[in-house]
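A short write-up of the structure that comes next.
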Amino acid sequence: MGAQVKAGISGLSEFAEQIKSGRMRALATTGQERTDPAIPTLTESGTDVVMTNWRGVFAPPGIRPDARDKLVALMTELHALPAWTELLKTRDWTDAFLTGEAFTAFLAEDVAKTEAVLKEIGLA
């Protein structure tokens, strides 16, 4: 951060310390709603873009159903831990835990939206 970078794009939590110290200024976030009252969303700023930074746990194609079920059960148990709730709070993350068909539908929609944006800007 030695004044060599003009802009940064990442999750808000990755730049939180630099923003708090005044070394960076948050211009906008990409979520549907503000996560910080002082930072507008891109939509509020006149750019019709909503996207989130999400994380996932994936397995190889052809995973056995029993192994998949065990993995989903483990992730569900981890999601229920107080430590996960605390991490969400500490990192200022939105809890968007999904499994099964709900996750499959979310992933398909996210891929379609990303592909559309990449095509619109000439990268796909």
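In what follows, residues are counted from 1 in the order of the sequence shown. When reading the values below, keep in mind they use all heavy atoms of this one structure, side chains included, and skip hydrogens, waters and symmetry mates.
- The 12-atom threshold is not exceeded at CZ of Arg25, counting heavy atoms of other residues, nucleotides or ligands nearer than 6.0 Å.
- Note: Lys89 NZ to Glu86 CD = 5.5 Å, rounded to the nearest 0.5 Å.
- Below 30°, between 30° and 60°, or above 60°: for His79 and Trp84 the angle between ring planes is between 30° and 60°, a tilted geometry.
- Atom CD1 of Ile39 sits about 11.0 Å away from atom CD of Glu44, to the nearest 0.5 Å.
- With a 6.0 Å radius and a threshold of 12 heavy atoms from other residues, nucleotides or ligands, Ile9 has its CD1 atom at or below the threshold.
- A side-chain donor-acceptor contact under 3.5 Å links Ser45 to the backbone of Thr41.
- Residues Leu12 and Trp93 fall into different hydrophobic clusters, defined by Ile, Leu, Val, Met, Phe, Trp and Tyr side chains chained together at heavy-atom separations under 4.5 Å.
- The closest donor-acceptor contact from the side chain of Arg34 to the backbone of Pro37 lies under 3.5 Å.
- In this structure, Ala26 and Ile19 approach most closely via the heavy-atom pair CB-CD1, 3.9 Å.
- The environment of CD in Gln32 is sparse: at most 12 heavy-atom neighbours from other residues, nucleotides or ligands sit within 6.0 Å.
- In the hydrophobic clustering, Leu42 connects to Val49, Met51, either directly or through intervening members, whenever side-chain heavy atoms lie under 4.5 Å apart.
- Leu81 is not connected to Leu87 by any chain of hydrophobic side-chain contacts under 4.5 Å among Ile, Leu, Val, Met, Phe, Trp and Tyr, and they are in different clusters.
- Here the CD-CE distance, from Glu14 to Met24, works out to 11.0 Å after rounding to the nearest 0.5 Å.
- Of all heavy-atom pairs between Pro40 and Leu27, the closest is CG-O, 3.5 Å.
- Of all heavy-atom pairs between Gly100 and Arg68, the closest is CA-NH2, 3.7 Å.
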Hey, mind stepping through Leu98 and Trp54 against side chain to side chain contact (heavy atoms under 4.5 Å, CB included) and telling me if it holds? CA-CA 11 Å; Leu98 298 171; Trp54 56 270; over 6 Å; no
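- Rounded to the nearest 0.5 angstrom, Asn53 CG and Thr29 OG1 are separated by 12.0 Å.
- Here the CZ atom belonging to Phe58 is positioned 12.5 Å from the CD1 atom belonging to Ile63, to the nearest 0.5 angstrom.
- Clustering ILVMFWY residues whenever any of their side-chain heavy atoms sit less than 4.5 angstrom apart, transitively, puts Leu71 in the very cluster that holds Phe97.
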Might you work through the side chain to side chain contact (heavy atoms under 4.5 Å, CB included) test for Val50 and Thr43, ending with a clear yes or no? CA-CA 7 Å; Val50 174; Thr43 303; 3.5 Å; yes
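- We find that Glu115 and Lys119 are not joined by a salt bridge, their nearest charged nitrogen and carboxylate oxygen being 4.0 Å or further apart.
- Neither Leu74 nor Val72 shares a network with the other; the hydrophobic side chains, linked directly or stepwise wherever heavy atoms of I, L, V, M, F, W or Y lie under 4.5 Å apart, form separate groups for each.
- The two atoms that bring Phe15 and Ser10 nearest to each other are CE1-CB, 3.4 Å, heavy atoms only.
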